[in-house]
2 protein chains.
Amino acid sequence: MEKLDDTDLKILRILQKNSKKTTKEIAEMLNLTASPIYERIKRLENKGYIKKYVALLDKVQLNNPITAICMVSLRYHNEGFIDTFENQIKALKEVQECYHMAGKVDFFLKINMDSLESYHEFVRLKLSKIENIGVLESSFVLKEMYSTTELYI
Amino acid sequence: MEKLDDTDLKILRILQKNSKKTTKEIAEMLNLTASPIYERIKRLENKGYIKKYVALLDKVQLNNPITAICMVSLRYHNEGFIDTFENQIKALKEVQECYHMAGKVDFFLKINMDSLESYHEFVRLKLSKIENIGVLESSFVLKEMYSTTELYI
DNA sequence: CTTGAAAAGGCGGGGTC
DNA sequence: GACCCCGCCTTTTCAAG
């Protein structure tokens, strides 16, 4: 697809805020009818601009009130070691995000837990079992000041 | 609401993966009819277990391929300073997440950008304009190895 | 983009166990 | 209290112009 026009961007902005908006509602907001909105959304989905639709759940009510940021550096940095690390991390369901970084540490991990004790067990039983970890430093979120899945587009 | 039962949890697991699943489809997966699924979802929404429904967009295709993690420490830590910082950060649309931390640094910020030059401008013109920042250290994501909005429930 | 029409799903009442 | 059945209405979906 060529470039997105202004209407496409407006649709994306609406849907990343609230994907339950109907094509009709969006059409009214943009002074159009439902059909062109429908077609544009389908196009945006097919071209991959929209990756997926998800429900965002409440961490606290679902017993995951603890968020930890864990910084990890490897001892050795061969390609094989990095791939192995990636696969081992992906197997850990508690890890919500894992980024390979340029900077002081090799990886940032964001981890959700029900308690600090669980985090202790997680590090003791799972993370530290991964070979080749050189440095492991954890920080805990005191307060989620701001968090969104929206892109600034 | 009391505790969630197994059916509620299964519904939440499905919806946080794909919120476009219809009540009918979910009903088939759980060997029920659409009505109880519908009622349960409404209850989960009303009680706040489901916070919102959103479309997740593609960073790269939407010209935000650069993700930075920025660690900030304040010089002074009075209540007023922290609140001021919070409000100033919330005004910056490029910031996707901001966490007040316990650990070496006071805040973690996740920031999306179209380029390193933009990030440079962002730090120069916006972040560094915020009073009271003592330490500011940026790391860049080389590769998003794993990232999900799903909770492990 | 518009019109229009068929199919599907959201929604809600009433009933069963 | 949780589930099932059924009908209405809205929305989705997709033609053709």
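The basis for the numbers below is simple: all heavy atoms, side chains too, and nothing from hydrogens, waters or symmetry mates. Order of the sequence lines sets the chain letters (A, B, ...), proteins ahead of strands, with each chain counted from 1. These figures come from a predicted structure and were not determined experimentally.
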Whether B/His100 and B/Phe107 hold their rings parallel, tilted or perpendicular, with breakpoints at 30° and 60°: parallel

B/Asp58 and A/Lys47 ion-paired at < 4.0 Å: no

Hey, are the side chains of A/Leu151 and A/Arg13 touching, using non-hydrogen atoms and a 4.5 Å cut-off? no

Contact check, residues 26-34 of chain B vs DNA chain C, heavy-atom distance under 4.0 Å, returns none

Pull out every residue in residues 35-42 of chain B that has a heavy atom closer than 4.0 Å to any atom of DNA chain D, ordered by number, or say none. B/Ser35, B/Pro36, B/Arg40

Between CZ of A/Arg43 and P of C/dC1 the distance, given in whole Å, is 9 Å

Could you tell me whether B/Glu45 and B/Lys42 have a side-chain N and a carboxylate O separated by less than 4.0 Å? yes

Between D/dC14 (P) and A/Glu45 (CD): distance, integer Å: 11 Å

Taking the axis from the first five pairs and the axis from the last five, what angle separates them in the helix from C/dC1-D/dG17 to C/dC17-D/dG1, rounded to 10 degrees? 30°

Between B/Glu86 and A/Lys143, is there a side-chain N and carboxylate O pair less than 4.0 Å apart? yes

Rounded to the Å, how far apart are A/Lys20 NZ and C/dG9 C1'? 11 Å

Without hydrogens or angle criteria, can the side chains of B/Lys17 and A/Tyr53 be said to hold a donor-acceptor pair below 3.5 Å? no

Between A/Thr7 and B/Thr23, who's closer to the 5' end of DNA chain C by nearest nucleotide? A/Thr7

Could you walk me through whether B/Tyr76 and B/Phe81 pass the ring-ring contact (aromatic ring centres under 6.0 Å, His included) check? CA-CA 7 Å; B/Tyr76 308 108; B/Phe81 278 127; 5.7 Å; yes

Rounding to an integer number of Å, can you tell me how far B/Asp5 CG sits from D/dG1 P? 14 Å

Under 4.0 Å between a Lys/Arg side-chain N and an Asp/Glu carboxylate O for A/Glu137 and B/Lys104? yes

With heavy-atom distances below 4.5 Å as the criterion, would you say the side chains of B/Leu109 and B/Glu97 are in contact? no

Test your reading of the model: is there a side-chain donor-acceptor pair from B/Ser118 to the backbone of B/Asp114, 3.5 Å cut-off? no

B/Glu25 atom CD is separated from D/dT12 atom C1', nearest whole Å, by 14 Å

Less than 4.0 angstrom from a charged side-chain N to a carboxylate O is my criterion; do B/Lys126 and B/Glu121 meet it? no

When rounded to whole Å, the NZ to P distance for the pair B/Lys24 and C/dA7 reads 13 Å

